[in-house]
Amino acid sequence: MSIAENVAVIKQKISQAAIAAGRNPEEILLCAATKMNSTENVRLAIQAGVDCCGENRVQELTQKLSENAYTGVPIHFIGHLQTNKVRQVVGKVGLIQSVDSLRLLEAIQLEAAKQNITQNILLEVNIGNEESKSGFSPQEIDTICQKMTHYPNLRLKGLMAIPPISHFSGENRKFFQEMLQLSVDITAKKYDNVCVDILSMGMSDDYLDAIACGSTMIRVGTAIFGPRNYR
Ligand SMILES: *Cc1c(COP(=O)(O)O)cnc(C)c1O
């Protein structure tokens, strides 16, 4: 199947899953996870109607930006970002989804202040409390939200999660439900500088479960582009 056909199928499935959950399909955005894919493939996905692109690595982002790969859609950063590389990302992407430590948050604030811009961010939650993953623990999220008032050049737009690798369909629903509850909790507190409208969760294997549990943004790579070649 072509990239265009894959995107069409995914959009159809998004609609069906949304309607089945009593949700408006338009509140769910499709973010193409473009890592390891060429500029040409990225353009095909954009033509096919993805809502935004998410890039994982700073070097790939810089390269594709120089080739105007993302023309037409917002670009997000979704990978682990080292503090010494924030300058190459802040102001260059509409949203940094993967803010996974207070140290990184502070580095982004410093750089955004230097550029005199407001940088939209999501907090990455290590929802499975996995040793191998970065991100805030669910228990830390409220404290970080309280602190957002001290970061005038950041706007917190919501939460993102990559749950543990699942072994059967539906296994991650409990994590998706916990994420929804977290986002409902912080929304209710009406913190300064926090405007939670994005809940970024769900990938190729589990995006239908994520939509059933309230996701507003799914990040899909393999189901759009096919398997990645890690060679
Ligand atoms: C690669 C990646 C995805 C997409 O993964 P697929 O399983 O290929 O859909 C989503 N989110 C992040 C952060 C990724 O790195």
Side-chain angles (χ1 to χ4, degrees), residues 1-3 5-14 17 28-38 41-42 44-46 48-64 69-70 73-82 85 89 93-101 104 108 120-128 130 132-136 157-173 175-176 179 198-213 215-231:
M1 291 236 284
S2 69
I3 288 173
E5 287 167 327
N6 288 338
V7 170
V9 168
I10 294 165
K11 289 192 139 194
Q12 185 67 38
K13 289 186 178 171
I14 292 174
I28 298 140
L29 300 179
L30 174 57
C31 178
T34 50
K35 61 174 173 278
M36 326 263 319
N37 271 282
S38 65
N41 281 354
V42 172
L44 288 171
I46 293 169
V50 302
D51 297 297
C52 56
C53 288
E55 204 61 77
N56 276 76
R57 298 186 175 93
V58 173
Q59 200 184 337
E60 262 190 83
L61 172 74
T62 306
Q63 174 68 28
K64 287 182 196 153
Y70 311 109
V73 296
I75 167 72
H76 297 174
F77 196 79
I78 62 173
H80 178 63
L81 179 56
Q82 289 166 279
K85 292 190 176 158
V89 177
V93 301
L95 179 68
I96 303 175
Q97 295 200 14
S98 42
V99 177
D100 57 9
S101 70
L104 177 59
I108 296 171
N120 291 326
I121 62 163
L122 304 182
L123 298 178
E124 180 171 346
V125 184
N126 184 356
I127 194 67
E130 291 174 278
S132 61
K133 280 209 179 100
S134 52
F136 296 98
K157 304 289 286 181
L159 305 175
M160 182 269 232
I162 310 171
I165 291 170
S166 58
H167 308 283
F168 57 88
S169 166
E171 191 179 10
N172 279 334
R173 281 200 179 213
F175 295 121
F176 294 145
M179 286 295 295
I198 302 177
L199 185 52
S200 175
M201 57 188 195
M203 318 206 300
S204 291
D205 287 337
D206 56 13
Y207 68 87
L208 296 176
D209 287 321
I211 291 169
C213 299
S215 171
T216 67
M217 180 172 291
I218 59 171
R219 306 175 313 270
V220 180
T222 311
I224 294 177
F225 300 108
R228 287 177 286 274
N229 183 356
Y230 283 103
R231 193 153 44 86

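First listed ligand is number 1; within each ligand, the first listed atom is number 1. All values reported here derive from a predicted model rather than from experimental measurement.
- Residue contacts with ligand 1, taken as heavy atom pairs separated by less than 4.0 Å, do not involve Asp205 at all.
- Annotation: atom 6 (P) of ligand 1 to nearest protein heavy atom, Ser204 OG, 3.5 Å.
- Contact atoms of ligand 1 toward Gly221: 4 (C), 6 (P), 8 (O), 9 (O) (distance under 4.0 Å to a heavy atom of the residue).
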_I'd like to know whether Ile28 forms a side chain to side chain contact (heavy atoms under 4.5 Å, CB included) with Tyr207, so could you lay out the CA-CA distance, the side-chain angles of the two residues, the decisive distance to 0.1 Å, and finally the verdict._
CA-CA 11 Å; Ile28 298 140; Tyr207 68 87; over 6 Å; no
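- Taking every heavy atom of Val220 and a limit of under 4.0 angstrom, the matching atoms of ligand 1 come to 9 (O).
- Atoms of ligand 1 found under 4.0 Å from any heavy atom of Arg228 (numbered from 1 in listed order, with element): 1 (C), 8 (O).
- Across all their heavy atoms, Ser101 and Phe136 have their closest contact at C-CZ, 3.4 Å.
- Which parts of ligand 1 touch Thr222 is read off a 4.0 Å heavy-atom cut-off, strictly below it: atoms 6 (P), 7 (O), 8 (O), 9 (O).
- Of the heavy atoms in Ile78, both backbone and side-chain atoms come closer than 4.0 Å to ligand 1.
- One side chain, Glu55 or Thr34, offers a donor N or O that lies under 3.5 Å from an acceptor on the other.
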*Before giving the answer on side chain to side chain contact (heavy atoms under 4.5 Å, CB included), spell out for Leu61 and Tyr70 the whole-Å C-alpha distance, their side-chain angles and the decisive distance to 0.1 Å.*
CA-CA 10 Å; Leu61 172 74; Tyr70 311 109; 4.0 Å; yes
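- When only interatomic distances are considered, the shortest N/O to N/O separation between Ile162 and ligand 1 does not fall below 3.5 Å.
- Within the 4.0 Å heavy-atom shell around ligand 1 one does not find Gln97.
- Side-chain atoms of Arg219 come within 3.5 Å of backbone N or O of Ser200 as a donor-acceptor pair.
- Residues Glu60 and Asn37 share a closest heavy-atom pair of OE1-N, 4.0 Å.
- Ala161 approaches Ile127 most closely through the heavy-atom pair CB-CG2, 4.1 Å.
- Of the options Met203, Arg219, Lys35, the smallest heavy-atom separation from atom 2 (C) of ligand 1 is shown by Lys35.
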*Applying side chain to side chain contact (heavy atoms under 4.5 Å, CB included), run through Val220 and Asn6 and close with a yes or a no.*
CA-CA 11 Å; Val220 180; Asn6 288 338; over 6 Å; no
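- The side chain of Ala33, and not its backbone, has at least one atom closer than 4.0 Å to an atom of ligand 1 (non-hydrogen atoms only; side chain from C-beta on).
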